[in-house]
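Written below as structure tokens is the structure these notes are about.
When a residue number appears, it is its place in the shown sequence, counting from 1.
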Amino acid sequence: MTGPAGFLLCLLLLVAPHCTEVAAQGDEPDPKMPCAKWMGGAPGYPGHNGLPGRDGKDGRDGLKGEKGEEGAQGPKGDAGAMGSRGVAGFPGAPGVPGLMGQKGQKGEAAFVHRSAFSVGLTEKPPAPNIPIRFSKIFYNEQGHYDASTGKFLCNIPGTYYFAYHLTVYLSDVKVSLYKKDKAVIFTYDQFQNNNVDQASGSVLLHLNSGDEVWLQVYGNGNNNGIYADNVNDSTFMGFLLYPDPDDH
């Protein structure tokens, strides 16, 4: 082979043995040699990230926008859970007692008007049309009942209560309660043979000072079967409920 091609071929044949010899002399070929790792090595690792750059300058504020329209009202929210009950407050400390006031003037004693009597029968059956004299005194502290006449005399104007309970024996009984010579109420009891009965009556009356009240057998017939002994009492009583406010 002649010409330039033949010259190059001869040159390669001369260089190849020399490279082989040099490679055998050491593991690390000289990087400056033209035939060092001529076949190419593995690619290297990527490099580290660089430091971030500095922030740029702030831009200018834009123009203020127009106010938007008010939105529609939203639906009402659900009621919240009830909170826990608060702690009750404690009462404050009592204050200092004040000074004792001056003693007041003594007032007038309240006066209670009293008028009452309770009497029983001890005499034989009374005659008709005259006051029955109840001579057994149970109570007559004010002396407003007169045992000698059988009449109660009003000393305190007001409202009174009167009552009587009469034992009936041997004959019928018809009695009346009188006020100022006028019969107010009547009581009649028909006697039953071999029996002891009771005749009773009661009334509220308003009396003026000087009015008299008493019991007597009414009529002219045999109606005076009123009886009394140590066991059976015929009684008459009365008392003031309340005096007239205008006079007391």
Less than 3.5 Å apart, which donor and acceptor atoms pair up between the side chains of residues 177-184 and the rest of the protein, not counting sequence neighbours?
unit_1, atom_1, unit_2, atom_2, d
Tyr178, OH, Gln216, NE2, 3.2
Lys179, NZ, His206, O, 2.8

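- Crowding of Tyr242 atom OH: a count of heavy atoms from other residues, nucleotides or ligands under 6.0 Å not exceeding 12.
- Contact of the Val213 side chain with the Leu207 side chain is registered, since non-hydrogen atoms from C-beta on lie closer than 4.5 Å.
- Residues Leu241 and Ile156 do not share a hydrophobic cluster, clusters being chains of Ile/Leu/Val/Met/Phe/Trp/Tyr side chains in contact below 4.5 Å.
- Side chain of Ser234 to backbone of Thr167: a donor-acceptor contact under 3.5 angstrom is found.
- In this structure, the separation between CD on Gln192 and CG on Asp197 is 7.0 Å, given to the nearest 0.5 Å.
- At a cut-off of 3.5 Å, with distance as the only test, no side-chain donor of Thr235 or His165 sits close to an acceptor on the other residue.
- With contacts defined as side-chain heavy-atom distances shorter than 4.5 Å, the pair Gln142/Asn155 does not qualify.
- Side-chain contact between Asp189 and Gln198 is absent, with no heavy atoms from C-beta onward closer than 4.5 Å.
- Taking 4.5 Å as the limit, every side-chain heavy atom of Val217 sits out of range of all side-chain heavy atoms of Asn129.
- In this structure, the ring of Tyr188 has its center no less than 6.0 angstrom from the ring center of Tyr218.
- Taking OH of Tyr161 as the reference point, atom CG of Leu204 lies at 7.5 Å (rounded to 0.5 Å).
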Evaluate the side-chain contact (heavy atoms from CB on, under 4.5 Å) criterion for residues Asp233 and Lys136: first the C-alpha distance (whole Å), next the side-chain angles of each, then the deciding distance (0.1 Å), finally the verdict. CA-CA 10 Å; Asp233 281 319; Lys136 183 188 293 186; 3.0 Å; yes
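- The main-chain N or O of Asn208 is found under 3.5 Å from a side-chain atom of Asp211 such that the two form a donor-acceptor pair.
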Worked verdict on Phe117 versus Phe236 for side-chain contact (heavy atoms from CB on, under 4.5 Å): CA-CA 8 Å; Phe117 73 97; Phe236 179 38; 3.8 Å; yes
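- Proximity of a side-chain donor or acceptor of Ser171 to a complementary backbone N or O of Gly225 within less than 3.5 Å is detected.
- Inter-residue side-chain proximity for Ser115 and Tyr160 is flagged as met; some heavy-atom pair is nearer than 4.5 Å.
- Contact annotation: the side chain of Phe152 never approaches that of Trp214 to less than 4.5 Å [non-hydrogen atoms, C-beta and beyond].
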Between Thr187 and Tyr164, is a side-chain contact (heavy atoms from CB on, under 4.5 Å) present by the stated rule, with each step listed? CA-CA 10 Å; Thr187 299; Tyr164 50 89; 2.5 Å; yes
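- Residue pairs that meet the salt bridge (charged side-chain N to carboxylate O under 4.0 Å, His left out) test with at least one member in residues 141-161, sequence neighbours left out, are Lys151-Glu212.
- The side-chain heavy atoms of Val175 and Ile226, taken from C-beta on, include a pair separated by under 4.5 Å.
- Taking OG from Ser209 and CG from Leu153, the interatomic distance works out to 7.0 Å, rounded to the nearest 0.5 Å.
- The structure places SG of Cys154 at 8.0 Å from CG of Leu240, a figure rounded to the nearest 0.5 Å.
- Side-chain atoms of Tyr145 come within 3.5 Å of backbone N or O of Phe134 as a donor-acceptor pair.
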Would Phe162 and Phe239 satisfy ring-ring contact (aromatic ring centres under 6.0 Å, His included), going step by step from the backbone distance to the final call? CA-CA 7 Å; Phe162 295 95; Phe239 56 86; 8.6 Å; no
